[in-house]
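A note on names: the letters A, B, ... follow the listed sequences, proteins ahead of strands, and every chain is numbered from 1.
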There are 2 protein chains.
Amino acid sequence: MPLTLEDIAKISGVSRSTVSRVINRDRRVSPVTRERVLKIIEDYNFYPNLAARGLASGHTNVLGVVIPAGVPSLFTDPYFPILLQGVSTACNRQDYSVMLSISDVKFEKRLVGRLVQNHLVDGVIVASTLIGDPIQTTLANSDLPFVIIGRQPNLVANVIDVDNRQAVHQATDFLIKQGYTRIATITGPLNQMAGVDRLEGYKDALISAGMKLDPRLIAEGNFTEAGGYFGMKALLQFMPDAVFAASDVTAMGAIRCLNEAGLRVPDDIGLIGFDDIPASSTVTPSLTTIRQPIQGMGEAAANLLIEIIESGSKESHCISLPTELVIRNSTARVNHNQQLKDEEIVQTMIKEEIENSLLTRPVQS
Amino acid sequence: MPLTLEDIAKISGVSRSTVSRVINRDRRVSPVTRERVLKIIEDYNFYPNLAARGLASGHTNVLGVVIPAGVPSLFTDPYFPILLQGVSTACNRQDYSVMLSISDVKFEKRLVGRLVQNHLVDGVIVASTLIGDPIQTTLANSDLPFVIIGRQPNLVANVIDVDNRQAVHQATDFLIKQGYTRIATITGPLNQMAGVDRLEGYKDALISAGMKLDPRLIAEGNFTEAGGYFGMKALLQFMPDAVFAASDVTAMGAIRCLNEAGLRVPDDIGLIGFDDIPASSTVTPSLTTIRQPIQGMGEAAANLLIEIIESGSKESHCISLPTELVIRNSTARVNHNQQLKDEEIVQTMIKEEIENSLLTRPVQS
DNA sequence: TTTAGTAACAAAACAGATTGACCAAGAGTT
DNA sequence: AACTCTTGGTCAATCTGTTTTGTTACTAAA
């Protein structure tokens with residue numbers, strides 16, 4: 001039978017409430033009593049019953065992480081484990097636990113109901129939702145604090161994001177500067193904002209460089225390897241000389257397709273990805289890519305959520321984390337520029353933006 | 001303010017206990033009352049407070065999943081997301097939730113303490129622990145039910161596993177049958193049983209084929225791509241003509257190394273992996289591999305744990321799931337056998353074993 | 001017609017924390 | 001000396017369910 005507060009109180013010769021205050025760092029306990037009780041708690045290896053604590057205090061110190069159903073890249077993209085690691089790290093540090101909901105079409109409604117209604121978690125982090133996913137409005141209508149990773153249209157909420165559009169704009173500019181002229185893209189799923197924004201960034205760059213958009217050079221992908229492969233296959237007939245792939249995994253698929261077609265990267269076709277997953281630096285050729293701080297986004301989401309929970313703030317916060325363009329060999333044309341050596345050249349994106357974006361900016365409430 | 005049992009009771013004109021009975025499917029409620037109360041619960045969208053329920057009933061309907069710190073493949077191997085998906089699916093189906101503990105060296109002790117001591121979860125699933133990880137004894141000494149994925153030496157516990165040794169034995173036999181003679185291996189981390197068992201299976205096959213073991217043909221890896229790359233690099237000087245890589249990701253690293261060295265798979269070197277992750281069928285050449293039912297293992301672990309929790313069984317159960325050898329192009333020597341076509345030939349492993357292993361076998365308690 | 005048994009529900013006792021109200025003792029003021 | 005603060009604590013209410021015990025009304029058996 002596990003110990004209770006009552007037991008500890010009896011052993012230390014104080015009342016239950018005093019022990020509770022010691023545990024909760026209430027300052028109305030004399031240092032000497034505090035020390036004595038703490039020692040006993042330590043000695044007896046006592047942990048308070050979280051259910052009781054949750055019932056009495058109204059909070060559980062648990063954050064929910066919802067990963068929606070129907071995300072094809074869940075199994076193949078290291079994005080999710082890295083994100084989870086970030087959330088987990090931040091939670092560990094602040095004595096929160098992580099409740100994982102990989103939702104399932106069949107159980108989605110019930111799952112979210114449970115999460116929202118029955119006080120299992122103090123707040124929720126939502127990762128890569130589809131545009132218009134009902135979970136957003138469910139959460140918005142509840143009084144449960146939540147943070148969305150990746151902005152959503154028409155939704156005032158707490159958001160952690162990177163500036164996808166701007167980042168891709170820059171990366172595409174880089175391709176243009178390298179002398180590529182028929183620049184194509186394999187998009188992400190266009191039912192996710194990240195997919196849409198990255199496509200817009202690509203368009204922005206071409207337009208502002210005075211190049212014309214050719215719809216035949218845009219292939220829709222879905223952040224998977226297979227999506228990259230088939231996207232590339234579709235593009236090949238229109239002879240692009242460079243491709244922006246909306247994720248690194250997509251780029252890997254494109255490389256496979258190009259290898260099969262006997263085309264060489266970067267000489268025949270330049271390639272840029274997005275994410276900078278571990279494999280990007282080891283693939284041949286190593287992949288030029290836009291690095292986003294995936295783990296950092298997980299941590300930021302958890303930290304923001306915890307802050308909101310504990311402060312009870314009703315404002316909406318948007319945090320945009322910085323990206324960098326990591327230049328490797330997949331864009332190093334022999335004929336046009338000198339071949340880049342193995343070492344990576346990291347070009348940090350606009351400095352001011354980084355500095356600004358690190359701050360939490362309250363938006364309308 | 002959310003509704004409580006009391007509210008529902010008042011609305012339906014019965015007592016709190018009756019509402020509780022309705023929710024918990026206690027049969028001592030007349031059908032007509034039950035229907036009326038159920039309707040009200042539905043109408044008012046009532047969900048019971050889980051903290052209160054946990055306090056009163058002593059269980060939370062939450063399973064913990066512990067992924068230990070210091071697993072380098074966590075970020076790069078799709079193993080973990082797939083496993084989690086399995087656990088999650090099984091839990092959803094039975095109204096359990098999943099609490100994720102990606103433990104962190106720094107917080108490990110506290111984390112496990114919390115998990116074990118304060119009734120946050122009803123049971124724990126432990127994935128890929130290191131041999132001798134103290135978490136095992138901590139759990140074994142607690143009265144918290146737990147299931148380990150992947151057997152551990154000297155530990156009587158509930159285990160979900162595949163027969164790594166036997167599966168690798170078969171796969172290596174297949175290499176031998178294909179005519180390869182200098183068969184090397186890149187192992188997994190030898191501080192995990194899966195790593196050790198797969199190495200033993202490799203040795204078994206060579207020995208029982210009357211071939212002699214050459215320690216220079218054994219390179220230690222760690223289930224990562226980089227491990228495969230450097231392992232292959234180390235092996236190359238001893239001129240193997242086939243390699244068993246202890247995971248598919250490891251095999252990908254080996255392929256990269258071989259490409260750089262100008263060697264072709266399968267003609268110069270045959271290659272077999274383990275797992276059958278999605279990428280294995282799309283990589284060039286497609287990878288012959290031992291498929292293990294990762295998602296199935298997650299589901300099995302959750303189902304077993306829930307069964308143990310609800311039955312209160314004190315016996316230890318071991319469930320071994322079947323594997324299959326999936327033959328693709330990385331072992332299809334042109335000179336020795338006819339080239340295998342694109343379609344996969346799936347050779348199911350010893351049939352009897354599969355049938356046996358699907359049963360839960362109680363072991364000594 | 002009792003008596004026992006049972007069905008259907010209510011009432012009340014928990015479960016193990018948190019937290020506001022209250023109180024005693026000593027310190028500081030005037 | 002009387003009064004007010006502050007400090008450090010105790011007491012008891014509270015949170016929302018589950019579960020045991022109690023009560024009533026009815027049916028079946030003696």
Using a cut-off of strictly less than 4.0 Å, decide whether A:Ser57 has a side-chain nitrogen or oxygen near OP1 or OP2 of C:dT18.
-> no
Does a donor on one side chain sit under 3.5 Å from an acceptor on the other, for A:Ser20 and A:Ser17?
-> no
Indicate whether any N or O donor in one side chain lies under 3.5 Å from an N or O acceptor in the other, for B:Asp133 and B:Gln152.
-> no
A:Asp161 side chain to A:Ser320 side chain, donor-acceptor N/O pair below 3.5 angstrom = no
Rounded distance in Å - CG (B:Leu3) to P (D:dT16) | 11 Å
Length of the line joining A:Ile23:CD1 and C:dT18:C1', which is rounded to integer Å = 11 Å
Can you name the closest pair of heavy atoms from B:Leu55 and A:Ala52 and give their distance?
-> CD1-CB, 3.6 Å
Whole angstrom is fine here: how far is it from NE2 in B:His119 over to C1' in C:dA15?
-> 12 Å
B:Leu55 CG - C:dA13 P separation (whole Å) | 17 Å
Looking only at side-chain N and O atoms, does B:Ser20 come under 4.0 Å of OP1 or OP2 in D:dT18?
-> yes
Is A:Thr4 touching bases, backbone alone, or none of the nucleic acid, heavy atoms closer than 4.0 Å?
-> sugar-phosphate
With a non-hydrogen cut-off below 4.0 angstrom, is A:Arg28 in contact with a base, only sugar-phosphate, or nothing?
-> base
Hey, what do you get for CD1 (B:Ile23) to CG (B:Leu38), rounding to the nearest 0.5 Å?
-> 8.5 Å
Under 4.0 angstrom, heavy atoms only, what part of the nucleic acid is B:Asn24 near: base, sugar-phosphate, or nothing?
-> sugar-phosphate
Quickly work out the A:Ile41 CD1 to C:dA17 P distance and round it to whole Å.
-> 10 Å
Can you find a side chain N or O atom of B:Thr18 that sits less than 4.0 Å from OP1 or OP2 on C:dA10?
-> yes
Got a donor-acceptor pair under 3.5 Å from the side chain of A:Ser17 to the base of D:dC11?
-> yes
In whole Å, what is the span from the CG atom of A:Asn49 to the C1' atom of D:dG17?
-> 13 Å
Roughly how many Å is it from CZ in A:Arg53 to C1' in D:dG17, rounded to a whole number?
-> 20 Å
So does B:Thr33 get a side-chain nitrogen or oxygen closer than 4.0 Å to the phosphate oxygens (OP1/OP2) of C:dC9?
-> yes
Establish whether the base of D:dG9 is bridged to the side chain of A:Arg21 by a donor-acceptor pair shorter than 3.5 Å.
-> no
Would you mind reading off the distance between B:Asp7 atom CG and D:dC15 atom P, rounded to a whole angstrom?
-> 11 Å
